[in-house]
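To start, the structure under review is shown below, and the notes come after it.
Chain letters run A, B, ... following the sequence lines, proteins first, then strands; residues in each count from 1. None of these values were measured; they are calculated from a predicted model.
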Number of protein chains: 2
Amino acid sequence: MTPFLVIMNFCSFYNFSLYTIYLYIKLYVTGFMKKEIDPWSSDLLKNYQHLIKEFGLFEFDFKDKELDSYFVRRNIIIAHRNFEKVVARIKANKPFINMTGIASSGRVHLGHKVDIDVSLFLQRLGAINYFCVADLDAYLSRPDEKIRSLENAKKNAVENLAHAFALGIDPKKSYAQSNKPKRYYEFSFEISKKITQNTYKAIYGHTDLGKISSVLLQIADILHPQLKEFEGKMPSVTGIGLDQDPHARLTRDVMQRLSYPLEVPSFLYFSHQAGLNGNLKMSSSEPDNTIFLDDNESDVKKKISRALTGGRNTSEEQKRLGGEPDKCMVYELYKYHFTDESRFNEIRKTCISGERTCGECKKECIVFFQKMLKEHQEKYEGMLSVAKEVVFGKMK
Amino acid sequence: MTPFLVIMNFCSFYNFSLYTIYLYIKLYVTGFMKKEIDPWSSDLLKNYQHLIKEFGLFEFDFKDKELDSYFVRRNIIIAHRNFEKVVARIKANKPFINMTGIASSGRVHLGHKVDIDVSLFLQRLGAINYFCVADLDAYLSRPDEKIRSLENAKKNAVENLAHAFALGIDPKKSYAQSNKPKRYYEFSFEISKKITQNTYKAIYGHTDLGKISSVLLQIADILHPQLKEFEGKMPSVTGIGLDQDPHARLTRDVMQRLSYPLEVPSFLYFSHQAGLNGNLKMSSSEPDNTIFLDDNESDVKKKISRALTGGRNTSEEQKRLGGEPDKCMVYELYKYHFTDESRFNEIRKTCISGERTCGECKKECIVFFQKMLKEHQEKYEGMLSVAKEVVFGKMK
């Protein structure tokens, strides 16, 4: 037999056709790609540069003085889609919409705080600040074992909102997904009509009904402030992680299929704050490597003391070679949360020069976060009743 | 080569494997079955008996005096699931929930009127009568060319409700899907978490997002009256066509996965009134063979005059052999809408005996429907403002 016939008979024998083999190869390849950009995975994306290129994002290279901030200087905001529309509004002193959302998870940590800090920065630039705690989304997209019940998601939402308010988020346009005017839900159903099953499946790789619902709600979150029942048509921006880009692209696509007059939404892409052990994303599933906003002084001390640093093996080496801040999780904490720019630069400089030891650096960091969290926790208590009103009160 | 190898090589050549062939055969078979029971198709099911057996329904064989009515005697209600639970409530003089829904389609016709008549019958038996006009569902499950916009679906909903109210439906618990308290929408999202993609796909054969949304809303329609925010746990019944049974089974399945204390819902299955040309289901897509509630006197006359009858070729034959009422669409009109039982029986008897001619029968039928529709249309006008309030007013 010719080699071709051998392959053919082999295929036949194992009930494979060449087409089936092609499908397997395709599945393997797309499965591999999906691992890189699965919006529900906590795995982080190291090669930002590569992804920015691959997904057609724009690097955040605005040099405008209005945008000058440590978020930009320290590469916390790394890329964007169509943010120039928002920049034009800022320069013209005109309002724009900012949508910030957090999933109502168990506990709020420093990784969430970054999103909230950027949100407050955008508000100072003129944003009408929407803040969403995604309680329905959390309930729908997570397995029952993890979230237990919708009531539990709402209870989390109250706590999450109280943290956000304590950090400075204005309750006025803040909401829980479970407590919106009916127009919001109607809109999320309308959105479902504008996504074909093939598009959905190509992006998410599944057609799990609960997760479909949560995607619909996310898209409604981003787009609904532009409806006439809310702010009306206006440039809007949403800050997300790079790994959330599939959502962003789908949202922009859906918007253009809807018959409402809306602006194509802009997106900002953040780099994620790493975990204290160097894991690529701070996450509540690793409590030892995550600082929560309700951690007490001893938690903070214990966790930061154990954090991975960029220090050398001996103090002699440290003095001679200097520390490596870009490998250091204590430096990561400073980078994402320390707003005093001159002190921050000095820390970096003295680390690299070898003047600074990891011990004293950790000590300063511990004191900083202990003070920050203590002040925060005092404000938090006072915000619980407002937060309860947002989740369970008359909807706005 | 052996015949086996011939087949194998044939398969290989055409990129088929035996497994692929098996899949094609399976697709063909299930495609064929789907044709019989597709809930979105207007094709009708002739072999009721066969389907009742195949889908494990129960024939409607209650002999209770409370249930005695022309719906039962004339086989308009033909089958049920768990209706005995409702019968027990009726006998105990206790309330139960009845959910009646109509899709907000362009125009209400006599086929819809049957559902409304049964609903009023159940109300007299003690039902708390929910009446739903499925405007979101209509928008989501139909192509844009047909429904145009959500606003259009709502406009239809107003007219549909005004017709229902004119026929005697109480506006109190009537609603449009687009104007419900948020608990209803939240509940429909919760439902999405309880349907696996495999279950959904097995029933509907697709994962079209708009249609998924409409299924979620339908299930919420049937189940939500039992939530504590509405009537609370109670036997409930929903009347549907046999072709809607996949929805019913899914609803019963979902109910059991939800963590709320609900009764498994009961269902009544109706036979559909046929079109005037003998088509298996009266439908607004065939306006010439459908009597609409807003038809004027001349429409009624024209349509009934042209209706398919069970008459013989000549009047001589008619006298000799008698008419065939069970093949006659004029008789079908009497059967579904003529409540005067003794006159109805006389019509049947004199038709079969050959005493009655099709001409005089049609004349009586025309006069009956002209009068009925005229009276109805007068009431309809007065109900438009109430209907508008239900669709656009403060939700209940």
Side-chain angles (χ1 to χ4, degrees), chain A residues 4-5 7-20 22 135-137 139-144 147-151 177-201 206-217 259 395, chain B residues 4-5 7-20 22 135-137 139-144 147-151 177-201 206-217 259 395:
Chain A
F4 180 73
L5 261 180
I7 294 174
M8 287 284 106
N9 279 328
F10 169 83
C11 292
S12 307
F13 186 73
Y14 286 102
N15 277 348
F16 279 138
S17 68
L18 282 188
Y19 184 69
T20 321
Y22 161 74
D135 56 351
L136 278 177
D137 177 348
Y139 172 71
L140 294 170
S141 61
R142 287 170 199 192
D144 271 347
I147 192 86
R148 296 210 301 280
S149 69
L150 182 54
E151 281 321 299
Q177 286 177 326
S178 68
N179 200 22
K180 285 289 279 180
K182 76 174 175 63
R183 181 70 184 102
Y184 167 82
Y185 305 105
E186 179 180 279
F187 186 54
S188 70
F189 284 118
E190 279 182 88
I191 286 166
S192 71
K193 198 181 180 180
K194 303 299 175 184
I195 307 174
T196 66
Q197 46 180 319
N198 286 338
T199 301
Y200 187 90
K201 192 130 194 200
H206 69 83
T207 48
D208 185 290
L209 271 62
K211 284 184 177 175
I212 288 176
S213 295
S214 81
V215 167
L216 299 178
L217 289 165
S259 53
M395 53 205 146
Chain B
F4 180 72
L5 261 180
I7 292 174
M8 286 285 105
N9 279 327
F10 169 83
C11 292
S12 306
F13 187 74
Y14 287 102
N15 277 347
F16 279 138
S17 70
L18 281 189
Y19 184 68
T20 321
Y22 160 74
D135 54 352
L136 277 178
D137 177 348
Y139 172 71
L140 293 169
S141 61
R142 287 170 199 192
D144 271 347
I147 192 86
R148 296 209 302 279
S149 68
L150 182 54
E151 281 320 299
Q177 285 177 326
S178 68
N179 199 23
K180 286 289 279 180
K182 75 174 176 63
R183 181 71 184 101
Y184 167 81
Y185 305 106
E186 180 180 278
F187 186 54
S188 70
F189 284 118
E190 280 182 270
I191 286 167
S192 71
K193 198 181 181 181
K194 304 299 175 184
I195 307 175
T196 67
Q197 46 179 318
N198 286 339
T199 302
Y200 187 89
K201 192 131 193 199
H206 68 82
T207 48
D208 185 291
L209 270 63
K211 284 183 176 175
I212 288 176
S213 294
S214 80
V215 167
L216 299 178
L217 289 165
S259 53
M395 53 206 145

A:Ser149 versus chain B, the contacting section by heavy-atom distance below 4.5 Å
neither
Heavy-atom proximity to chain B below 4.5 Å, by part of A:Leu150:
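When you check distances to chain B, only side chain atoms of A:Leu150 fall under 4.5 Å.
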Aromatic rings B:Phe189 and A:Tyr185: how do their planes relate, parallel, tilted or perpendicular, breaks at 30° and 60°?
tilted
So for [X], is it side chain, backbone, both, or neither that comes closer than 4.5 Å to the heavy atoms of chain A?
{"X": "B:Asn198", "answer": "neither"}
{"X": "B:Ser178", "answer": "both"}
{"X": "B:Leu136", "answer": "side chain"}
{"X": "B:Lys194", "answer": "side chain"}
{"X": "B:Ile191", "answer": "neither"}
{"X": "B:Thr199", "answer": "neither"}

Let me see the working for A:Leu216 and B:Ser213 under side-chain contact (heavy atoms from CB on, under 4.5 Å), right down to the final yes or no.
CA-CA 10 Å; A:Leu216 299 178; B:Ser213 294; 4.1 Å; yes
If I compare all heavy atoms of A:Pro143 with all of B:Lys193, which pair ends up nearest, and what's the gap?
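Nearest heavy atoms, A:Pro143 then B:Lys193: C-NZ, 4.0 Å.
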Please determine which of A:Asp208, A:Leu209, A:Thr207 meets the side-chain contact (heavy atoms from CB on, under 4.5 Å) test together with B:Tyr200.
A:Leu209
To the closest 0.5 Å, what do you measure between CD1 (A:Ile212) and OG (B:Ser192)?
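Here the rounded value is 8.5 Å.
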